[in-house]
Amino acid sequence: MSKKVRVRFAPSPTGGLHLGGVRTVLYNYLFAKKHGGDFIVRIEDTDQNRYVAGAEEYIFDTLKWCGLEPDESVQHGGAFGPYRQSERKESYRQYAEQLVKEGYAYYAFDTPEELEKMRQTPIATGNKTEHGHTQQYDHSIRMKMRNSLALTTAETQKMLAEGTKHVIRIKVPEKETVSFTDMIRGEVSFDTSTVDDKVLLKADGMPTYHLAVVVDDFLMKISHAFRGEEWLPSAPVHILLWKYLFGLENMPQWAHFPLILGPNGKLSKRDGAKYGFPVFAMRWNDPKTGELTEGFKEKGFLPEAFINLLALLGWNDGTEQEIFSKKELIEKFSMDRVHSAGAKFDYEKAKWFNHEWIKRFEVSNLRFEVGELLKQDGFVVSNEAFLDKVIALVKDRCVLLTDFVQQSSFFFKTPEVLDIDAIKPKWNEAKQLFFAELIRNYELSSGWDAHTLENNFKEIAAVNDLKPGELMLPFRIMLVGGKFGPGVFDIAEMLGKEETIKRITMAIKVFQ
RNA sequence: GGCCCGUUCGUCUAAGGGUUAGGACACCACCCUUUCACGGUGGUGAUACGAGUUCGAAUCUCGUACGGGCUACCA
């Protein structure tokens, strides 16, 4: 009997949540839900220097918008708290001390200056001193540094007793092969001689990621540990810690997701919107710089489309299906169909996903968002039934939610400027007379539906020996203001008799 | 530089030894539509390179090249 599936997303609250982060959340979430497990969010705030106000709150807001609610977290509670690493500070030291006691780690007293000097020391591996090579704090140099391995026991005890600032480093064995099975990449192995003695416990008593992730994954009974590929190089450290602390048999199964690349490599939080597309899920307001970065939400993406597009960036179900609801994703997701290669983000395709979702969405699902957008732009939306009809009429031509404003503004407000250039050259007296007659006809019209409106329009055109086609565009410009929008007669029907006639009348004057 | 991961149309990907290498986005053409879209039909376009294993390789192995990641008392 296998243990319960428990996965975690462990962000550090230092800024906005970008595409890669959300996809990591998504895959964690899908995997958990697929296997009836728990999805946990653990805040990794062990670096006090990088604290950013509001970032934690922002992460949860983003998850909520995406529809990826955790089962356990700072906000959702749970039996394995606290879910903020800074609040677990006390528990880490004992594990680090245990490692020292057992000979798997050691105290290091080196000052930042000494470390800097060490990095400069040219290393002669073989016989060449390569440019750009930085010396790592590893087996080759640790006996020359100031740590409990190189110092005598008495010296170490004295420094400890005096309260000398120190860290605890892992003592990576020299010639071992550490390997593990990655759910996506298969067997991955490392020669420990190339792994450095990472700091486990910092001078301020806080653990580094390396110690914290292992301890917390154990304490929180995490069954599967998923994270981005950028963590692969430090995996041997974590494997070693599991071996020393809790036993390899208790270690979660690992999967390292491929990176999502921008035009210049890995997407990073700092890239903001400089690529011409958002990198954050939602708007991020950096309290330090005051910089406001818009996200996919503000850009007009539906959360359903957003997670759909993210899911397909590195995963597919083996069929040609591309549009998946969250329910379907949960049903069909499987880790062995996740790609191992990084994926370059394609904003055009992202927009296509959103367009597909808008087209497929029921009007009632769009009503609220579209209504808000229109109000934001100063349009008065008083009648919900009318709004619904408008949405139904224009949604096929809206790629982003924000397109609704431009596509439907003329339903709510008489256009202020008309695209006269499209009409003027071909405007003549015959056409003017036609529209005058059209006004009279429409005024007397008893029925006001697109069909009769169109019939009457064409009848009058025929009687006056005019081509309906040449009159449709002017009519459109009169009602819409430009060369876009749904069928003209549908628009006229929606606008109603009074408004339609008003717009024709006004336009005739403008065209003269 | 070292270590690790990766490499199929411009982009996302399918094809887990035998296919005319399939689909989607984008692009182009035509049809539909006397607006713009939607929709429909068709088109351009890819297995990085070199060896090997095999009757047969995009698929397995090795090398090379290229790309990416990591190389902090950051995650």
Side-chain angles (χ1 to χ4, degrees), chain A residues 10-14 44-47 49-50 85 108 110-112 115-116 119 123 125 128-137 165-169 182 184-185 188-191 193-196 198-210 212-213 227-236 256 258-259 261 265-266 309 312-323 336-337 339-353 355-356 359 394-399 403 407 419 422 467-473 475-477 480 482-488 491:
Chain A
S12 63
T14 53
E44 308 234 340
D45 57 348
T46 55
D47 186 357
N49 299 321
R50 294 213 301 162
Q85 287 183 330
D110 314 277
T111 63
L115 290 174
E116 189 47 40
R119 290 193 190 97
I123 171 127
T125 319
K128 56 184 174 202
T129 303
E130 290 297 342
H131 184 70
H133 179 119
T134 28
Q135 168 67 49
Q136 296 192 121
Y137 201 121
K165 282 271 183 199
H166 66 277
V167 301
I168 292 180
R169 286 179 181 271
D182 186 280
I184 295 170
R185 291 151 215 281
V188 181
S189 53
F190 300 83
D191 176 355
S193 303
T194 66
V195 179
D196 63 330
K198 291 260 185 272
V199 169
L200 264 20
L201 200 73
K202 301 187 260 188
D204 64 2
M206 278 289 192
T208 57
Y209 171 84
H210 307 295
V213 74
R227 68 221 311 193
E229 190 186 343
E230 71 267 29
W231 290 106
L232 211 39
S234 58
H256 291 87
L259 264 16
L261 286 348
K266 184 186 163 191
L309 94 243
L312 272 282
L313 211 54
W315 172 88
N316 71 83
D317 77 338
T319 72
E320 282 172 2
Q321 183 176 350
E322 295 198 272
I323 303 299
D336 42 60
R337 287 204 66 88
H339 254 250
S340 49
K344 197 175 288 180
F345 184 70
D346 181 359
Y347 190 49
E348 292 306 317
K349 182 91 184 223
K351 286 193 288 192
W352 174 80
F353 273 104
H355 193 188
E356 289 301 307
K359 283 189 291 183
V394 305
K395 73 192 188 86
D396 280 6
R397 58 201 80 204
C398 294
V399 173
D403 292 339
Q407 284 294 332
D419 184 358
K467 284 185 195 154
E470 295 196 7
L471 299 162
M472 305 264 279
L473 188 60
F475 192 31
R476 167 174 300 280
I477 304 287
V480 176
K483 290 199 280 185
F484 63 93
V488 255
I491 296 173

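Every chain is numbered from 1, with letters handed out A, B, ... down the list of sequences. When reading the values below, keep in mind they use all heavy atoms of this one structure, side chains included, and skip hydrogens, waters and symmetry mates.
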* **Check: K349(A) side chain, A24(B) base, donor-acceptor under 3.5 Å** => yes

* Within the structure shown, what part of the strands sits under 4.0 Å from R119(A) by heavy-atom distance: base, sugar-phosphate, or nothing? -> sugar-phosphate

* So, is T46(A) near the phosphate of A75(B), with a side-chain N or O under 4.0 Å from OP1 or OP2? -> yes

* Asked: Could you give the NZ-to-C1' distance, from K198(A) to A75(B), as a whole number of Å?
  -> 12 Å

* Distance below 4.0 Å between K202(A) side-chain N/O and A75(B) OP1 or OP2 -> yes

* Asked: What interatomic distance, in whole Å, is found between P of C12(B) and the corresponding atom of A48(B)?
  -> 14 Å

* To do: Could you measure between the two C1' atoms, the one in C27(B) and the one in C9(B), and give it in whole Å?
  => 12 Å

* To do: Using a heavy-atom cut-off of under 4.0 Å over every strand shown, decide if D110(A) touches base, sugar-phosphate, or nothing.
  => base

* **Under-4.0 Å side-chain N/O to phosphate OP1/OP2 contact, H339(A) with A14(B)** => yes

* Pairing partner (Watson-Crick or G-U wobble, both distances under 3.5 angstrom) of C9(B) -> none

* Structure fact -> Whole-Å distance, I477(A) CD1 to C36(B) P, equals 11 Å

* Asked: Checking all strands, does V188(A) fall into the base, sugar-phosphate, or nothing category for heavy-atom contacts under 4.0 angstrom?
  -> sugar-phosphate

* **Watson-Crick or G-U counterpart of A37(B), or none if no pair lies under 3.5 Å** => none

* To do: Using a 4.5 Å cut-off on heavy atoms from C-beta on, say whether the side chain of T208(A) contacts that of K202(A).
  => yes

* What nucleotide, of G6(B), A15(B), U34(B), holds the atom closest to the side chain of A341(A)? -> G6(B)

* Looking for any heavy atom pair under 4.0 Å, which part of the strands does V167(A) touch: base, sugar-phosphate only, or nothing? -> base

* To do: For F190(A), answer base if it contacts any base atom (sugar-phosphate contacts may also be present), sugar-phosphate if it contacts only those atoms, and nothing otherwise; contact means non-hydrogen atoms under 4.0 Å.
  => sugar-phosphate

* Asked: Does the side chain of F353(A) reach to within under 4.5 Å of the side chain of L312(A), using non-hydrogen atoms?
  -> yes

* Using the P atom in both, what is the distance from G18(B) to A24(B), to the nearest Å? -> 24 Å

* Just checking T14(A): base, sugar-phosphate only, or nothing, at a heavy-atom cut-off of under 4.0 Å? -> nothing

* Rounded distance (Å) that lies between atom P of C3(B) and atom CD of Q136(A) -> 11 Å

* Scan E44(A) against the nucleic acid and name what it touches under 4.0 Å (heavy atoms): base, sugar-phosphate only, or nothing. => sugar-phosphate

* Watson-Crick or G-U counterpart of A51(B), or none if no pair lies under 3.5 Å -> U61(B)

* Can you tell me the distance, in whole Å, between the CH2 atom of W231(A) and the P atom of C5(B)? => 18 Å

* Asked: W231(A) vs H210(A) aromatic rings, parallel, tilted or perpendicular, using cut-offs 30° and 60°?
  -> perpendicular

* Structure fact -> For E356(A) and I323(A), the nearest pair of non-hydrogen atoms, with its separation, is CB-CD1, 3.7 Å

* Can you name the nearest heavy-atom pair linking E44(A) to A10(A), along with the distance? -> OE2-CB, 3.0 Å

* Asked: Looking across every strand, which nucleic acid part, if any, lies under 4.0 Å from A203(A) by heavy atom: base, sugar-phosphate, or nothing?
  -> base

* Rounded to whole angstrom, note down the P distance from A26(B) over to U64(B). => 41 Å

* **Residues, nucleotides or ligands: over 12 heavy atoms within 6.0 Å of K165(A) NZ** => no

* Asked: Is there a side-chain polar atom (N or O) of R50(A) under 4.0 Å from OP1 or OP2 of A75(B)?
  -> no

* **R169(A) charged N/C atom sitting above Y137(A) aromatic ring, 6.0 Å / 45°** => yes

* 4.5 Å side-chain heavy-atom contact, K349(A) and L313(A) -> no

* Hey, does the side chain of K344(A) come within less than 4.0 Å of G68(B)'s phosphate (OP1/OP2), counting only N and O? -> no

* Indicate whether OP1 or OP2 belonging to G69(B) is found under 4.0 Å from a side-chain N or O atom of R227(A). => no

* Asked: Using purine N1 to pyrimidine N3 plus N6-O4 or O6-N4 for Watson-Crick, or N1-O2 and O6-N3 for G-U wobble, both under 3.5 Å, which nucleotide pairs with A75(B)?
  -> none

* To do: Would you indicate what K359(A) reaches in the nucleic acid, counting non-hydrogen atoms under 4.0 angstrom: base, sugar-phosphate, or nothing?
  => sugar-phosphate

* Asked: Which nucleotide in the set U34(B), G6(B), A75(B) lies at the smallest distance from any side-chain heavy atom of S12(A)?
  -> A75(B)

* Would you mind classifying the nucleic acid contact of G314(A) as base, sugar-phosphate or nothing, using non-hydrogen atoms under 4.0 angstrom? => sugar-phosphate

* **Under 3.5 Å on both distances, the Watson-Crick or G-U partner of G42(B)** => C28(B)

* What integer distance in Å separates E230(A):CD from C5(B):P? -> 16 Å

* Asked: R185(A) near the nucleic acid: base, sugar-phosphate alone, or nothing, with a heavy-atom cut-off under 4.0 Å?
  -> sugar-phosphate

* When you check the glycosidic angle of C4(B), does it come out syn, meaning within 90° of 0, or anti? -> anti

* For A65(B) versus G39(B), give the span between their P atoms, rounded off to a whole number of Å. => 47 Å

* Asked: Considering only G68(B), C70(B), C73(B), which nucleotide approaches the side chain of E229(A) most closely?
  -> G68(B)

* Asked: Quick one: are P207(A) and Q85(A) in side-chain contact, heavy atoms under 4.5 Å?
  -> no

* Structure fact -> Taking for G469(A) and for G342(A) the nucleotide of RNA chain B with the nearest heavy atom, the one nearer the 5' end belongs to G342(A)

* Would you indicate which nucleotide in G23(B), U35(B), G69(B) comes nearest to any side-chain atom of E322(A)? => G23(B)

* Report the C-alpha separation of Y347(A) and L309(A) in whole Å, then their side-chain angles, then the decisive distance to 0.1 Å, and conclude whether the side-chain contact (heavy atoms from CB on, under 4.5 Å) test is met. => CA-CA 10 Å; Y347(A) 190 49; L309(A) 94 243; over 6 Å; no

* To do: Give H355(A) one of three labels, base, sugar-phosphate or nothing, depending on what nucleic acid heavy atoms sit under 4.0 Å from its own.
  => sugar-phosphate

* Asked: Are any of N316(A)'s side-chain N or O atoms less than 4.0 Å away from OP1 or OP2 of A14(B)?
  -> yes

* Can you check the Y347(A) OH to C25(B) P distance for me, whole Å? -> 17 Å

* Determine the interatomic distance between C1' on G22(B) and the same-named atom on U59(B); round to the nearest Å. => 16 Å

* Using a cut-off of strictly less than 4.0 Å, decide whether K266(A) has a side-chain nitrogen or oxygen near OP1 or OP2 of C70(B). => yes

* Please work out if T319(A) contacts a base, only the sugar-phosphate, or nothing of the nucleic acid, heavy-atom cut-off 4.0 Å. => nothing

* Could you tell me which nucleotide pairs with G16(B) by Watson-Crick or G-U wobble geometry, both distances under 3.5 Å, or answer none if nothing does? => none

* Asked: Can you tell me how far P of A24(B) sits from CD1 of I323(A), to the nearest Å?
  -> 12 Å

* Asked: On a whole-Å scale, what distance lies between the P atoms belonging to C31(B) and G45(B)?
  -> 23 Å

* Length of the OH-C1' vector between Y209(A) and A75(B), whole Å -> 8 Å

* Between C398(A) and D346(A), which is nearer to the 5' end of RNA chain B once each is assigned its nearest nucleotide? -> D346(A)

* Asked: When all nucleic acid strands are considered with a 4.0 Å heavy-atom cut-off, which category describes L115(A): base, sugar-phosphate, or nothing?
  -> base

* **Pairwise P distance, G2(B) and G63(B) [rounded to whole Å]** => 15 Å

* L261(A) has a side chain; which of G68(B), C73(B), U35(B) sits nearest to it? -> G68(B)

